[in-house]
Chemist: 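There's a structure below that I have some questions on.
Here is how names work: the chains are called A, B, and so on, in the same order as the sequence lines, proteins then strands, and each is numbered from 1.
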2 protein chains.
Amino acid sequence: MPRRKAAKARRARTDEPAGAPINFGPLANWVGFNLRMAQEATFEAFSHLSHEVGEKPGRFATLTLIAENPGISQTALSQASGRDKSSLTPVLVDLVRRGLVRRERMPGDRRSYRLNLTAEGERTLAKLNACARRHEKNLDRIIGSERTRFLAVLRKIFAEIR
Amino acid sequence: MPRRKAAKARRARTDEPAGAPINFGPLANWVGFNLRMAQEATFEAFSHLSHEVGEKPGRFATLTLIAENPGISQTALSQASGRDKSSLTPVLVDLVRRGLVRRERMPGDRRSYRLNLTAEGERTLAKLNACARRHEKNLDRIIGSERTRFLAVLRKIFAEIR
DNA sequence: TATTGTTATACTCTATAACTATA
DNA sequence: TATAGTTATAGAGTATAACAATA
């Protein structure tokens with residue numbers, strides 16, 4: 001798990017009594033840098049939770065997108081997640097093999113598949129949603145009353161940064 | 001560049017006239033998800049700028065940490081960046097080969113090196129800092145008056161999330 | 001014995017290009 | 001010709017474990 005180290009580094013900056021005081025210089029004041037640190041730490045925390053229910057964190061978005069867009073094609077799914085379709089192939093092979101996703105030929109166009117969750121897939125997604133709720137609760141505890149404003153800024157950045 | 005695709009996906013959600021309206025379901029309201037989307041988009045934007053000056057975005061933090069902590073050892077540097085020391089070896093080999101970093105044996109302890117920027121390293125860091133300033137200006141334009149509060153929340157998340 | 005840095009190796013995630021089978 | 005999905009392959013970035021040199 002690549003995230004263990006990151007956790008240790010974070011602790012080094014917070015818990016550590018002394019040792020070697022590292023200077024982050026201008027980095028410490030840059031939004032980009034802090035955005036990255038916060039995101040990595042957050043992702044790592046969610047990773048832990050999802051591994052507890054036996055899933056990789058990356059599966060969450062895939063399962064959600066299939067659940068919310070029943071019958072979606074692999075190409076549409078890859079576009080929605082911003083990844084090349086070839087990156088999706090092994091993910092779907094795994095999800096189908098484990099019985100979480102059902103893949104059927106489109107009736108009208110036999111080149112494409114339509115994707116749906118199986119009952120097992122729904123159960124797994126429910127478990128991941130429970131993780132996400134726990135995770136969000138932790139974040140809410142930290143963010144407090146800023147939540148709405150904070151979320152609005154994140155969305156604005158995503159929509160407008162080039 | 002893995003980031004091209006992400007850019008396309010973002011555009012798909014914003015510019016696109018129609019096509020296939022993708023449902024993001026509960027994902028759209030989760031802080032964790034939005035944090036990730038914002039960070040990926042931001043990192044991609046900085047990537048472009050740093051490639052324009054012929055550097056990888058990841059070199060920025062490494063060069064800054066060396067500049068701000070002259071004579072730092074590889075182990076200390078790896079801890080500061082939250083990566084294993086073995087991950088740093090190829091990075092430093094590259095930076096030394098390109099004449100950006102000077103590596104000298106510690107006088108007192110001949111196991112370790114002390115790292116410093118060369119004049120060329122300083123120049124490259126200056127160029128990357130210029131990128132970062134441009135990048136921050138873009139972010140500031142988007143974030144507006146929220147900046148201080150937004151930054152405070154990011155730092156709080158990084159410090160407290162587990 | 002413990003620590004610093006390197007090497008060997010592997011894993012994850014991603015991409016591009018060439019391919020197959022349809023259309 | 002064009003599109004949906006797969007395969008082959010590669011690259012970036014990370015990790016662990018074993019090692020050599022030094023402490």
Chemist: Given D/dT16, D/dT14, C/dA15, which nucleotide is nearest the side-chain atoms of B/Arg83?
Modeler: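 Out of D/dT16, D/dT14, C/dA15, the nucleotide with an atom closest to B/Arg83's side chain is D/dT14.
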Chemist: Over how many whole Å does the gap from B/Asp94 atom CG to D/dG13 atom P extend?
Modeler: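 Distance, rounded to whole Å: 10 Å.
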Chemist: Please enumerate all residues that pass salt bridge (Lys or Arg N to Asp or Glu O under 4.0 Å) together with B/Glu120, with sequence neighbours excluded.
Modeler: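 With neighbours one apart ignored, the set is B/Arg123.
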Chemist: Identify, with sequence neighbours excluded, every residue that meets salt bridge (Lys or Arg N to Asp or Glu O under 4.0 Å) alongside B/Asp94.
Modeler: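 Partners of B/Asp94 under the salt bridge (Lys or Arg N to Asp or Glu O under 4.0 Å) test: B/Arg59, B/Arg97, B/Arg98.
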Chemist: Identify all pairs in which a protein N or O lies below 3.5 Å from an N or O of nucleotides 10-12 of chain C, and state each distance.
Modeler:
none

Chemist: About how many Å separate CZ of A/Arg162 and NE2 of B/His48, when rounded to the nearest 0.5 Å?
Modeler: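 If we round to the nearest 0.5 Å, B/His48:NE2 and A/Arg162:CZ are 10.0 Å apart.
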Chemist: Pick the closest DNA chain D nucleotide for A/Ser112 and for A/Ser86 by heavy atoms, then say which residue is nearer the 5' end.
Modeler: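 On the 5' side of the pair lies A/Ser112.
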Chemist: For residues 58-72 of chain A, which residues have at least one heavy atom under 4.0 Å from DNA chain D?
Modeler: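 Result for residues 58-72 of chain A: none.
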Chemist: Over all strands shown, is B/Arg114 touching base, sugar-phosphate only, or nothing at heavy-atom distances under 4.0 angstrom?
Modeler: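 No contact.
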Chemist: Before accepting this row, confirm whether a basic side-chain N of the pair B/Glu136/B/Arg133 lies closer than 4.0 Å to the acidic partner's carboxylate O.
Modeler: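 Result for this pair is no, no salt bridge flagged.
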Chemist: Quick one: does A/Thr75 reach the base of D/dT3 with a side-chain donor-acceptor pair under 3.5 Å?
Modeler: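 Between D/dT3 and A/Thr75, which were checked side chain against base, a qualifying N/O pair under 3.5 Å is absent.
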Chemist: Between B/Ile22 and B/Phe24, which heavy-atom pair has the shortest distance, and what is it?
Modeler: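 So the minimum-distance heavy-atom pair works out to CG2-CE1, 3.5 Å.
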Chemist: Ion pair present between A/Glu160 and A/Arg155, side-chain N to carboxylate O less than 4.0 angstrom?
Modeler: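 No, no charged N to carboxylate O under 4.0 Å.
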Chemist: To the nearest angstrom, how far is B/Glu44 atom CD from D/dA12 atom C1'?
Modeler: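 Atom-to-atom, B/Glu44 to D/dA12, this comes out as 16 Å.
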Chemist: Whole Å only: how far is the CD atom of B/Gln79 from the P atom of C/dG5?
Modeler: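 Result: 10 Å.
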Chemist: Please name all residues satisfying salt bridge (Lys or Arg N to Asp or Glu O under 4.0 Å) with B/Arg111, sequence neighbours left out, ordered by chain then number.
Modeler: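 Result, salt bridge (Lys or Arg N to Asp or Glu O under 4.0 Å) vs B/Arg111: B/Asp109.
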Chemist: Quick check on DNA chain C: between A/Val91 and B/Tyr113, whose nearest nucleotide comes earlier from the 5' end?
Modeler: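 Result: B/Tyr113.
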Chemist: Suppose we call a contact any N or O donor and acceptor under 3.5 Å apart; does that hold for the side chain of A/Thr89 and the base of D/dT7?
Modeler: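 Answer is no: no donor-acceptor pair is held.
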Chemist: Would you call A/Arg134-A/Glu52 a salt bridge at under 4.0 Å N-O?
Modeler: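 Salt bridge present between A/Arg134 and A/Glu52.
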Chemist: Return the value, rounded to whole Å, for the distance between atom CD of B/Glu40 and atom C1' of C/dT14.
Modeler: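 My rounded result for the distance is 11 Å.
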Chemist: Using a 4.0 Å cut-off on protein heavy atoms (strictly under), produce a 5'-to-3' string for nucleotides 18-23 of chain D with B for base contact, S for backbone-only sugar-phosphate contact, and - for none.
Modeler: ---BBS
Chemist: How close or far is atom P of D/dA4 from atom CE of A/Met106, stated in whole angstroms?
Modeler: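 The answer, rounded to whole Å, is 10 Å.
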Chemist: Answer yes or no: is there a donor N or O on one side and an acceptor on the other, between the side chain of B/Arg83 and the main chain of B/Ser78, under 3.5 Å?
Modeler: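 Looks like no, no N/O pair under 3.5 Å.
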Chemist: Examine distances only and state if a side-chain atom of A/Asn116 and a backbone atom of A/Arg102 form a donor-acceptor pair shorter than 3.5 Å.
Modeler: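 Pair absent, no side-chain N/O of A/Asn116 close to backbone of A/Arg102.
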Chemist: Indicate whether OP1 or OP2 belonging to D/dA4 is found under 4.0 Å from a side-chain N or O atom of A/Ser73.
Modeler: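 The answer is no; no side-chain N or O of A/Ser73 sits under 4.0 Å from OP1 or OP2.
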Chemist: ring-ring contact (aromatic ring centres under 6.0 Å, His included) between A/Trp30 and B/Phe46: does it pass, once the steps are laid out?
Modeler: CA-CA 12 Å; A/Trp30 271 319; B/Phe46 182 66; 8.4 Å; no
Chemist: How close or far is atom P of C/dT3 from atom CG of B/Leu88, stated in whole angstroms?
Modeler: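 One finds 19 Å between P of C/dT3 and CG of B/Leu88, rounded.
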Chemist: Indicate yes or no for a side-chain donor-acceptor contact from B/Thr118 to the backbone of B/Gly99 under 3.5 Å, with no hydrogens or angles considered.
Modeler: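 At least one qualifying donor-acceptor pair exists.
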Chemist: If you check every side-chain atom of B/Arg36, which of C/dT14, C/dG5, C/dT16 has the closest atom?
Modeler: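 Of all the options, the side chain of B/Arg36 is nearest to C/dT14.
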